[in-house]
Amino acid sequence: MVDESVIAALAGMSVTASLPFLLYGAWIMIDTETVSWNVLMRHLRYIVAGLLLTTVPLVGWMIPRVLDQVSGLAIVHAFFGVQAYALLAFALTGIVRIFQAKRNADAYEDPSVDIDELHEDMSHWRKRLRAGVAGFMLLWLCAWVTGLYRLITLHFGSLF
C-alpha cells in the first residue's frame, strides 16, 4: 500500500497546482473590460480546473482524516478552508444573479450594453461577487500556508 506521506504530498501538490489556475482565471476577468460569452467560458475553464485541483484532495483526502488529526493547527487550517468555501458560496449568489441578468438581456452577445443598467441590484451583486472572491482567495491562501506547514511538520519533518 502507498505510504500516507506520499498521498499527503500528492494532495499538497494538487492544491498548490490550483493556485495558478485560480489566479489566472481571476486575472482574465480583471483584465477584460467587457465580458463576452467567450471570455466567460475561458475564465470558467481556469476557475473550474483550479477548484477541482483543490476540492478533489479536500473531499478525498483531507476531510476523511480531519477527526483523526485534531490539533490546534488542524483546526486553524480547517477553519480557513471552511471560511474560504463559505465566501465562495457567497460570491456564487452574486454570480448567479449577474449571469441571469446578463443572459436575459443578451448582454453576452451585445458588448454595448451597460450592465449596471440591467437591474437595479446589479451594483450590489457585483460587490457581493468581489467581496466573496477576494475573501475566498485570501482565506484560501491562509489555508494553503497552514496546510503546507502541517504537511511538512507531519510527514516530512524528519527530513530537516
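Distance alone, capped at 3.5 Å, places no donor-acceptor pair between the S14 side chain and the P57 backbone. Side-chain atoms of H43 never come within 3.5 Å of backbone atoms of M29 as a donor-acceptor pair (strictly under, hydrogens ignored). The backbone N or O of W27 sits nowhere less than 3.5 Å from a side-chain atom of D31 that would complete a donor-acceptor pair. Here the side chain of T55 pairs no donor or acceptor atom with the backbone of L52 at under 3.5 angstrom. Put simply, the side chain of H77 gets close to the backbone of G147: a donor and an acceptor are under 3.5 Å apart.
Annotation: cation-pi pair R42/W37 absent, no NZ/CZ under 6.0 Å from the ring centroid and within 45° of its normal.
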- Please report the C-alpha distance between L118 and W125 in whole Å, then the side-chain angles of each, then the deciding distance to 0.1 Å, and finally whether the side-chain contact (heavy atoms from CB on, under 4.5 Å) criterion is met. CA-CA 12 Å; L118 295 179; W125 298 333; over 6 Å; no
- L129 and I98: side-chain contact (heavy atoms from CB on, under 4.5 Å), yes or no, with the steps? CA-CA 9 Å; L129 169 62; I98 293 167; 3.9 Å; yes
- Task: Any chance you could lay out the side-chain contact (heavy atoms from CB on, under 4.5 Å) test for F80 and W144, step after step, and finish with the verdict?
- Result: CA-CA 9 Å; F80 284 138; W144 177 64; over 6 Å; no
- Task: Apply the test side-chain contact (heavy atoms from CB on, under 4.5 Å) to residues L19 and M137: give CA-CA distance (whole Å), side-chain angles for both, the deciding distance (0.1 Å), then the verdict.
- Result: CA-CA 9 Å; L19 181 59; M137 284 309 303; 3.9 Å; yes
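The closest side-chain heavy-atom distance from V6 to L10 is below 4.5 Å. No side-chain heavy atom of Y46 sits under 4.5 Å from any side-chain heavy atom of L51. Between Y85 and T54, the closest side-chain pair of non-hydrogen atoms falls below 4.5 Å. In this structure, L139 and V82 have side chains that are not in contact, with every pair of non-hydrogen atoms separated by 4.5 Å or more.
Cluster membership for L87 and L138, using ILVMFWY side-chain heavy atoms within less than 4.5 angstrom, is not shared.
Contact detail for I7 and V2: the closest heavy-atom pair is CG1-CG1, 3.9 Å. Across all non-hydrogen atoms, the minimal contact from G94 to R128 is N-CD, 3.7 Å. Across every non-hydrogen atom of K102 and V35, the tightest pair is NZ-O, 3.1 Å. For the residue pair A131 and F90, the shortest heavy atom distance occurs at CB-CE2, 4.4 Å. The minimum heavy-atom distance linking L151 with A9 is given by the pair CD1-N, 3.9 Å. Residue I47 comes nearest to L22 through the heavy atom pair CD1-O, 3.7 Å, listed as atom of the first residue, atom of the second, then distance.
H155 and W61 have tilted rings, their planes meeting at an angle from 30° to 60° on a 0 to 90° scale.
For the atom pair CD of Q100 and CZ of R97, the computed distance is 5.5 Å after rounding to the nearest 0.5 Å. Rounding to the nearest 0.5 Å gives a distance of 12.5 Å between CG of L53 and CG of L58. Taking CD1 of I115 as the reference point, atom OG1 of T34 lies at 9.0 Å (rounded to 0.5 Å). Taking CZ of R126 as the start and CE of M122 as the end, the distance is 7.5 Å to the nearest 0.5 Å. How far CD1 of I30 is from OH of Y24: 12.0 Å, rounded to the nearest 0.5 Å. D116 contributes atom CG, which lies 11.5 Å from atom CG of D121 (distance to the nearest 0.5 angstrom).
Side chains of N38 and S36: no donor on one and acceptor on the other come within 3.5 Å.
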